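Predicted model only: the values in this text are computed from it and were never measured.
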Amino acid sequence: MRIRGLGVIEDAVLSFAPGFNAVTGETGAGKTMVVTGLGLLFGDRAESGRVRPGAGRAVVEGRLELPESARAAKRAEEFGATLDPAQPGADGEARRELLINRAVAAAGSSGSRAFLGGQPVPVAVLSELSEDLVAMHGQASQQLLRQPARQRDALDRYAGEPTLAALAEYRAAYREYKDVCTELVELTTKAAERFREADALRFGLAEIEKVDPRPEERDELAAEIERLGSAEELRTAAARAHEAISAQDSPESAADALTLLNQARRALDAAKDKDAALAAIAGRLDEVYWQLGEVATDAAGYLAGIEADPARLEYAHQRVADLDALCRHVGRYIETEPGGPSVAEVLAWSEQAALRLAELDGDDGRIGELTERRDLLHEELGASADRLSGLRADAAGSFAAAVGEELAALAMPHARIEVRLGRRDEFGPAGRDEVELLLAPHPGAPFLPVAKGASGGELSRVMLAIEVVFAGADPVPTLVFDEIDQGVGGQAAVEVGRRLARLARTSQVIVVTHLPQVAAFADRQLVVAKDSEGGVTSSDVSVVADADRYTEIARMLSGRSESDSAKDHARELVDAARAEWAANRGRD
């Protein structure tokens with residue numbers, strides 16, 4: 001992680017180890033800015049007042065190493081982030097790197113900006129992603145202890161697989177129950193609307209049934225109306241054409257087409273055998289003669305069939321009017337181009353309307369079925385919730401006792417923890433239980449919700465105790481603790497360090513501490529050192545090891561980093577912590 005222009009830190013690079021990381025330094029050196037930087041990296045609210053004087057902005061950059069299968073890696077890609085190609089990790093699992101960048105402008109400048117894998121994102125995305133990456137534990141960030149839902153989740157995780165399996169079974173039943181209830185409410189509350197829709201469909205279908213149209217009927221009627229309305233004109237035209245072709249019915253007229261063609265045929269018959277070309281012309285003339293004869297016959301038939309029919313014409317006009325009225329009425333239910341629907345579109349609508357009406361008419365039966373299903377699911381859900389409540393009740397006592405034991409070792413020997421289970425009348429996504437974690441920090445003190453019954457330092461130790469009880473079960477890979485050792489010293493400080501080291505077996509742990517007993521257990525110690533030049537203070541962060549580490553822990557012990565006795569004591573602390581770590585690793 002790199003921090004620039006944040007508080008007293010001008011430019012510092014921090015490299016955290018996979019296990020236990022202790023951040024130490026003199027008071028005012030800027031240790032808090034390390035936690036602030038981590039918070040900004042994971043979506044905390046930006047404050048322009050945190051920007052170093054003289055700097056235009058504060059920038060925090062982080063490089064995270066994630067297992068390729070981690071949910072956080074997949075979610076980051078969904079947000080548009082680009083991750084580095086997978087590389088084999090020390091544990092054999094492929095790992096990928098994700099870059100996060102957060103910039104906070106100084107007062108008077110525009111806001112803050114966030115980047116995820118090179119992609120600009122809203123700051124809320126960093127906060128959402130942090131749920132899978134880090135748990136920040138400080139006086140202002142004890143989310144688990146302040147939210148009853150998180151406390152219930154904590155108890156379920158502690159209770160283990162039987163409770164989690166029962167919870168999964170309950171949630172599946174709850175989803176089905178809610179789906180049935182939603183559908184039932186929709187059907188019953190919209191009964192009037194469904195009735196109006198069904199009534200409109202019935203009216204439209206009744207109109208269609210009454211008119212009983214055919215798809216192409218209107219076009220056929222329009223053609224018939226045109227023909228009937230022009231009957232006299234058509235009859236005259238056909239008669240004249242027939243007379244011109246064939247005047248057999250009019251002896252006075254001898255110049256009709258068929259007579260002339262016949263004369264031409266006879267003129268060629270005598271000579272056609274003497275010349276093939278003339279024979280071809282004669283053949284074509286024969287063909288035309290017979291075709292024209294057929295046309296004369298068709299014209300005579302058409303002429304015989306043409307007559308004015310006022311009654312039929314009136315019927316066709318009325319039928320067209322009925323079809324047009326039907327299209328206008330049904331057009332209220334059909335989305336069409338301007339001009340209204342066609343008869344074919346009206347008929348297509350009638351098919352869909354009949355199906356929808358059958359569906360609406362079947363809703364009454366569906367309501368009955370859903371009511372029975374809802375009542376059955378309600379009984380099953382109640383039984384499932386009872387099983388879940390029983391498992392939680394069984395785990396509550398041992399959970400409180402386990403946390404209490406840890407608190408006793410963390411300089412809170414008289415603290416008592418109680419897990420109180422309440423019960424709601426209605427079902428919720430996680431059952432009917434309301435889980436509340438209560439603390440009585442000393443004898444005679446009443447049990448109060450932990451967020452109200454504990455001081456800042458006590459709250460951090462309660463959180464540490466809970467995390468130790470959860471060790472290995474929390475899916476968050478990094479835990480950050482700030483001011484967890486407030487008001488702690490002596491053997492209790494050793495116990496704090498010991499428990500943080502235990503957490504570091506399964507998670508990366510980052511702790512800001514002023515206690516040498518805690519720092520001695522760290523796998524890596526980072527020191528925030530301040531320097532003042534020209535009245536402007538700046539800080540740098542460096543990793544200390546071997547002799548430098550003994551010097552830093554000696555400073556933490558006595559305030560005198562060059563004291564030989566303090567260095568000897570520091571060496572004893574570190575060597576004892578290493579020996580204990582090695583022994584525990586052997587037992588693991």
Side-chain angles (χ1 to χ4, degrees), residues 71 127-128 130-138 140-178 377-378 380-407 415-441 446-454 458-476 479 503 506-507:
R71 190 168 81 123
S127 180
E128 183 177 344
S130 71
E131 297 173 2
D132 296 320
L133 295 174
V134 65
M136 305 282 291
H137 301 306
S141 59
Q142 302 294 348
Q143 294 182 359
L144 189 149
L145 299 183
R146 285 183 164 86
Q147 300 177 10
R150 296 287 298 275
Q151 294 178 18
R152 183 182 56 229
D153 293 343
L155 179 61
D156 289 344
R157 282 171 43 217
Y158 172 81
E161 186 56 34
T163 300
L164 295 176
L167 178 59
E169 177 185 333
Y170 170 86
R171 282 176 171 164
Y174 177 76
R175 284 193 295 270
E176 184 178 1
Y177 174 74
K178 293 298 289 184
L377 286 172
H378 189 275
E380 295 176 355
L381 197 60
S384 181
D386 290 343
R387 287 194 298 273
L388 187 58
S389 296
L391 291 168
R392 284 169 173 162
D394 292 341
S398 59
F399 175 71
V403 175
E405 289 179 8
E406 293 297 328
L407 289 176
R416 292 171 296 153
I417 289 288
E418 178 180 305
V419 179
R420 185 170 296 172
L421 271 66
R423 189 172 178 85
R424 297 175 301 186
D425 293 333
E426 70 279 3
F427 295 112
R432 286 180 167 176
D433 302 312
E434 291 182 337
V435 177
E436 189 172 27
L437 195 61
L438 305 176
L439 171 69
F447 280 102
L448 294 173
V450 289
K452 297 179 180 178
E458 289 172 337
L459 202 59
S460 292
R461 276 177 276 168
V462 172
M463 189 67 252
L464 174 59
I466 291 174
E467 291 292 355
V468 171
V469 171
F470 284 159
D474 199 325
V476 178
L479 304 172
L503 281 178
T506 55
S507 301

Please give me the minimum heavy-atom distance between [X] and [Y], naming the atom from each residue.
X    : Y    : value
Y170 : G428 : OH-O, 2.7 Å
L388 : A430 : CD2-O, 3.5 Å
R416 : F447 : O-CE2, 3.4 Å
P449 : E436 : CG-OE2, 3.2 Å
D433 : R424 : O-NH2, 4.4 Å
A415 : L407 : CB-CD1, 4.1 Å

| So, does R152 use its side chain to make a donor-acceptor pair with the main chain of L421 at under 3.5 Å? |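 No, R152 side chain to L421 backbone: no donor-acceptor pair under 3.5 Å.
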| query | Would you say the side-chain atoms of S384 pair up with the backbone N or O of E380, donor to acceptor, closer than 3.5 Å? | reply |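 A pair under 3.5 Å: no.
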| request: Check the side chains of D156 and T163 for a donor-acceptor pair under 3.5 angstrom, ignoring hydrogens and angles. | output: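 D156 and T163 do not have a side-chain donor-acceptor pair below 3.5 Å.
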| query | How long is the span from the CG atom in L164 to the CG atom in L391, to the nearest 0.5 Å? | reply |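 The distance works out to 10.0 Å.
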| request: Would you give the length of the straight line joining atom CZ of R71 to atom CG of L133, rounded to the nearest 0.5 angstrom? | output: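 With rounding to 0.5 Å, CZ (R71) is 10.0 Å from CG (L133).
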| Do the non-hydrogen side-chain atoms of F427 and H378 ever get within less than 4.5 Å of each other? |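 Side chain of F427 against side chain of H378, heavy atoms only: contact under 4.5 Å found.
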| message | So, applying side chain to side chain contact (heavy atoms under 4.5 Å, CB included) with F399, which one of I417, L155, D394 is it? | response |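 Single side chain to side chain contact (heavy atoms under 4.5 Å, CB included) partner of F399 among I417, L155, D394: L155.
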| E418 pairs by side chain to side chain contact (heavy atoms under 4.5 Å, CB included) with which of L439, L437, L438, V403? |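 Among L439, L437, L438, V403, the one that satisfies the side chain to side chain contact (heavy atoms under 4.5 Å, CB included) with E418 is L438.
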| message | For a side chain to side chain contact (heavy atoms under 4.5 Å, CB included) check, start with the C-alpha distance between D386 and R423, then their side-chain angles and the critical distance, and finish with the verdict. | response | CA-CA 10 Å; D386 290 343; R423 189 172 178 85; 2.6 Å; yes
